[in-house]
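Notes to accompany the following structure.
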Amino acid sequence: MMKQQLKSVLVGCLVASSLGLAHAQTYPDRPISLVVPFAAGGPTDVVARMIAIPMGKSLGQTVLVENTVGAGGTIAAQRVARAAPNGYTIFIHHMGMATAPALYKNLNFDPLKDFEYIGQVVDVPMTLLARKDFPANNFKELQAYVKANKDKVSMANAGLGAVSHLCGLLFMTAMDTTLNTIPYKGTGPAMNDLLGGQVDLLCDQTTQTVPLIKDARVKVFGVTTLKRLDALPNVPTLNEQGLKGFEVKVWHGMYAPKGTPAAAIEKINAALRVALVDPMVTQRLKDLSSDVAPMDKVTPAGLKTHLEAEILKWGPVIRKAGIYAD
Ligand code: ASP
């Protein structure tokens, strides 16, 4: 009996490993979905579409961008956590992956247990913007206006845990005020409303905002890095305008469902690395004042270590601020 059991376990293992080998040899033999947790047209979507084409070329299969929106990116993360771990679903998300555990009381996924790591992707600064006809013309006037008109001013974001939300919170805390916040399914649609004048303020990534700032379609009050950006040399930092230490640079990572075969992760990682040195991608990122992650971080271990550190960093900050969703 024991012998029989041992035999079936061994046969099972052999079948599994030869299936794994077959998978490794043929993978990928159909398109791969790259899930984006925010609406089309926004900054995360811009990055995803920028790298999807060269990644697809390296993999020999189309990488299809799919937007699964809502709840600051957590709906998409949950979908990916439950997806078949076969290498045909991958996921790009920003630092919201690290803030979600502290922000959401009932999170239906675990960023540290439910995913395989592929690598870090890009680091993107943010800008503080207003609609074009907003009454304040510079940061000093903005401060005065916001203080005097707290109940009239609205600020858009992409939901609890989105970086637009975190940046907005940092701004409001620095101003010692609370504004009416309006959540969207991504800063793509939030920006449409800013351009249309339906909402007053938005803090958003340069991957979406640089062209709009250059065309003067929005008002800009500052950048969220400690140094000015090459693409926007005339825009002062918030730090130099009195918000000492105000710094947000948005890191992004690429993930797959837990259990995705190591051979598939290796192939996707290799394609990601190729995409991130593609001259079209690097030039476009440069024009948007964004940086490719250092190559030693474009690795499963690089992303894992960073995510763990970021969860530890944000948890106490968020808990202290007392912000969370049920
Ligand atoms: N990056 C945006 C945010 O987290 C969302 C988006 O990419 O649309 O605020």
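Both counts, for ligands and for their atoms, begin at 1 and track the order of listing. Below, all heavy atoms of this structure are taken into account, side chains as well, without hydrogens, waters or symmetry copies.
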May I ask you to identify the nearest protein heavy atom to atom 5 (C) of ligand 1, giving residue, atom name and distance to one decimal place in Å? F38 CG, 3.4 Å
Do R82 and F109 meet the cation-pi criteria used here (NZ or CZ under 6.0 Å from the six-membered ring centre, within 45° of the axis)? no
Has ligand 1 got any nitrogen or oxygen that is less than 3.5 angstrom from a nitrogen or oxygen of A39? no
Under a 4.5 Å cut-off applied to non-hydrogen side-chain atoms, are P300 and E116 in contact? no
Is it the side chain (CB and beyond), the backbone, both or neither of H165 that lies under 4.0 Å from ligand 1, heavy atoms counted? neither
Report, in ascending order of atom number, the atoms of ligand 1 lying under 4.0 Å from any heavy atom of Q205. 1 (N), 2 (C), 3 (C)
Quick test: of every protein heavy atom, which one is nearest to atom 9 (O) of ligand 1, and how far off is it to 0.1 Å? S164 OG, 2.4 Å
Using a 3.5 Å cut-off on N or O atoms only, is T187 in polar contact with ligand 1? yes
Can you list the atoms of ligand 1 that are under 4.0 Å from a heavy atom of G186? 8 (O)
Near-ring test W251/H94, centroid separation under 6.0 angstrom: no
Check ligand 1 against T44 and write out every atom of the ligand that is under 4.0 Å from a heavy-atom position of the residue. 1 (N), 6 (C), 7 (O)
Tell me if the aromatic rings of F134 and Y145 count as close, with their centers under 6.0 Å from one another. yes
Just which atoms of ligand 1 are under 4.0 Å from any heavy atom in A158? 3 (C), 5 (C), 9 (O)
For Y255 and F91, take the angle between the two ring planes, folded into 0 to 90°, and tell me which bin it lands in: parallel under 30, tilted 30 to 60, perpendicular over 60. tilted
Under a 4.0 Å threshold between the charged nitrogen and the carboxylate oxygen, would K249 count as salt-bridged to D291? yes
Among all protein heavy atoms in this structure, tell me which lies nearest to atom 4 (O) of ligand 1, with the distance rounded to 0.1 Å. H94 NE2, 2.6 Å
Would you mind checking if K258 and D114 are paired as a salt bridge, meaning a charged N to carboxylate O distance below 4.0 Å? no
